[in-house]
Amino acid sequence: MIVSRLDEYRRRICRVLVAMASLCVVGLWVFETETQVITELDRIAYPLLLAAFVVSLFLMLALPRWHRMAEWIAYLSFTTYCLVGVAAFGHLAEQTRLYTIANTLQWMPMLYVASFILLQRRDAVIAAALVFLSMSIPIVVEFSASDSYLKDRVLGSLVINAYLVHLVILVSLSLFVMTSLAFEQARAKAKALETMASTDSLTGTMNRRGLEQILRHVAGGSSGEIGLILIDIDNFKPINDTYGHLAGDAVLQAVAKRLAGVVRDSDVVGRWGGDEFLIITRDAQLTDVIAMADRARQHVGTHVLAGMRVTLSAGVGVWDGQGPWADALQRIDRALYSAKAEGRNRTTEAATAPNPIPA
């Protein structure tokens, strides 16, 4: 979902850039024609480049499935234009040479930017570097010529300075992108480690550490009541004693899966410890919390889990987020104790005020 959204943003950027490029070509074409600084090459190149951009934009908007191909058409058209333009520097008329060289060199960095928009990070670095090297070849060849226009101090200094700036831009973009990649990888690794630290390895649900973090987070900051459901598997010890711990683990996994099936996406279910599970549900009325606990018990009790039938006892209550979360859990734990004492396989509502645990 996130990847597709980011790709759509990238596509929008491409469409905006191609549209702006089309307008710029039209503007330069009109301006240079009016001021009589347009070269013979650009008299031919501008219409062709504009046509490529317009076709690309049409494909992007009218035929989304060809969007990628349209991006490449625009990118390669502009690359070809710049490469031919650089190669033609030595054949320009004297009166327009300075303007044309400066104009071409100032637009070339857009190729590096386009590389990073069009391609993935490492591929973009390679593509941008290849573009820079290909644009440098005609300049290196020209410097070796005895009658090179680059022997002129002004033109030679302009070209050298421009290419140095291009190199700095290219290196800066590459370092920025590669650094951001390293940060993203480190952030993903940290998030994975944090997830592992708050996930119960057996059931795949949140562990006690993660549940306590959530309780601390909502304490004092909740705008509504928080429903708490503490669930215990009835007669779990005999299951371990009779069938072994592997069977007990299978029951815990099956119960966790069933519990996850009855909660909302915004709710949290986790293993509180041993054979106890805790469900945290936000913005819930007490009646809704009791109904959820009953659904959870029925969802487990009406199915054979790991080859056996198991039942659940539940203590439920609501917490307004004020005061220590441990006090709220203590009330729920007392309710669970009452459910077990009253015969198991039932849901018991927590008292509004703490009561001593029966001896």
Side-chain angles (χ1 to χ4, degrees), residues 1 194-195 197-234 236 251-303 305 310-340 342 344-355:
M1 181 68 177
E194 183 180 354
T195 300
S198 60
T199 301
D200 180 61
S201 59
L202 177 62
T203 63
T205 61
M206 191 168 288
N207 60 18
R208 183 163 183 153
R209 177 178 180 272
L211 292 168
E212 289 181 351
Q213 285 180 339
I214 292 178
L215 291 171
R216 281 193 292 268
H217 177 72
V218 300
S222 177
S223 57
E225 291 189 313
I226 303 159
L228 301 173
I229 305 174
L230 189 60
I231 294 173
D232 182 84
I233 301 175
D234 295 329
F236 183 72
V251 169
L252 288 170
Q253 292 169 335
V255 168
K257 184 177 181 180
R258 290 287 174 180
L259 293 178
V262 300
V263 300
R264 303 171 302 181
D265 292 339
S266 58
D267 299 333
V268 176
V269 57
R271 188 180 176 194
W272 188 244
D275 60 331
E276 289 185 344
F277 292 87
L278 178 64
I279 296 176
I280 304 173
T281 176
R282 302 191 186 192
D283 301 323
Q285 301 296 320
L286 180 59
T287 54
D288 298 328
V289 180
I290 294 173
M292 180 181 289
D294 287 336
R295 284 199 307 272
R297 291 193 307 103
Q298 293 168 5
H299 202 50
V300 171
T302 56
H303 293 83
L305 305 180
V310 296
T311 60
L312 305 178
S313 296
V316 303
V318 292
W319 175 43
D320 60 4
Q322 304 304 314
W325 60 265
D327 292 349
L329 259 295
Q330 191 174 49
R331 291 193 299 107
I332 308 302
D333 190 52
R334 287 194 176 95
L336 174 60
Y337 180 89
S338 297
K340 304 285 281 187
E342 292 169 8
R344 298 184 175 89
N345 191 23
R346 66 189 64 222
T347 299
T348 301
E349 176 187 344
T352 55
N355 293 320

Where at least one partner belongs to residues 252-263, residue pairs that pass salt bridge (charged side-chain N to carboxylate O under 4.0 Å, His left out), sequence neighbours excluded: none
Would you name the heavy atoms of Val262 and Arg295 that are closest together and state the gap between them? O-NH2, 4.1 Å
When you compare the side chain of Leu215 with that of Ile226, does any pair of heavy atoms fall below 4.5 Å? no
Within this structure, what is the CD1-CD distance for the pair Ile332 and Glu349, rounded to the nearest 0.5 Å? 9.0 Å
Within a strict 4.5 Å, meaning less than it, do heavy atoms of the Asp327 and Trp319 side chains meet? no
Distance from Asp232 atom CG to Asp234 atom CG, nearest 0.5 Å? 6.5 Å
Hey, does Ile280 have a side-chain heavy atom less than 4.5 Å from the side chain of Leu228? yes
Closer than 3.5 angstrom, by distance alone: can the side chain of Arg264 be matched with the main-chain N or O of Arg282 as a donor-acceptor pair? yes
Flag side-chain contact, heavy atom, 4.5 Å: Phe236 against Leu252: yes
Should Thr205 and Leu259 count as side-chain neighbours, where that means a heavy-atom distance under 4.5 Å? no
Test applied, side chain to side chain contact (heavy atoms under 4.5 Å, CB included); reference residue, Leu278; option that passes from Leu329, Ile229, Val269, Ile231: Leu329
For the pair Leu202 and Gln253, evaluate side-chain contact (heavy atoms from CB on, under 4.5 Å) and give the outcome as yes or no after the intermediate values. CA-CA 7 Å; Leu202 177 62; Gln253 292 169 335; 3.4 Å; yes
Non-neighbouring partners of Arg208 that pass side-chain hydrogen bond (donor to acceptor under 3.5 Å, both in side chains), sequence neighbours left out: Glu212
Hey, what do you get for CG (Asn345) to NZ (Lys340), rounding to the nearest 0.5 Å? 10.0 Å
To the nearest 0.5 Å, what is the distance between CZ on Arg331 and CG on Leu230? 12.5 Å
Pairs in or reaching into residues 271-281: which pass salt bridge (charged side-chain N to carboxylate O under 4.0 Å, His left out), with residues at least two apart or in two chains? Asp200-Arg271
Measuring from atom OG1 of Thr311 to atom CD of Gln298, what distance do you get when rounded to the nearest 0.5 angstrom? 12.5 Å
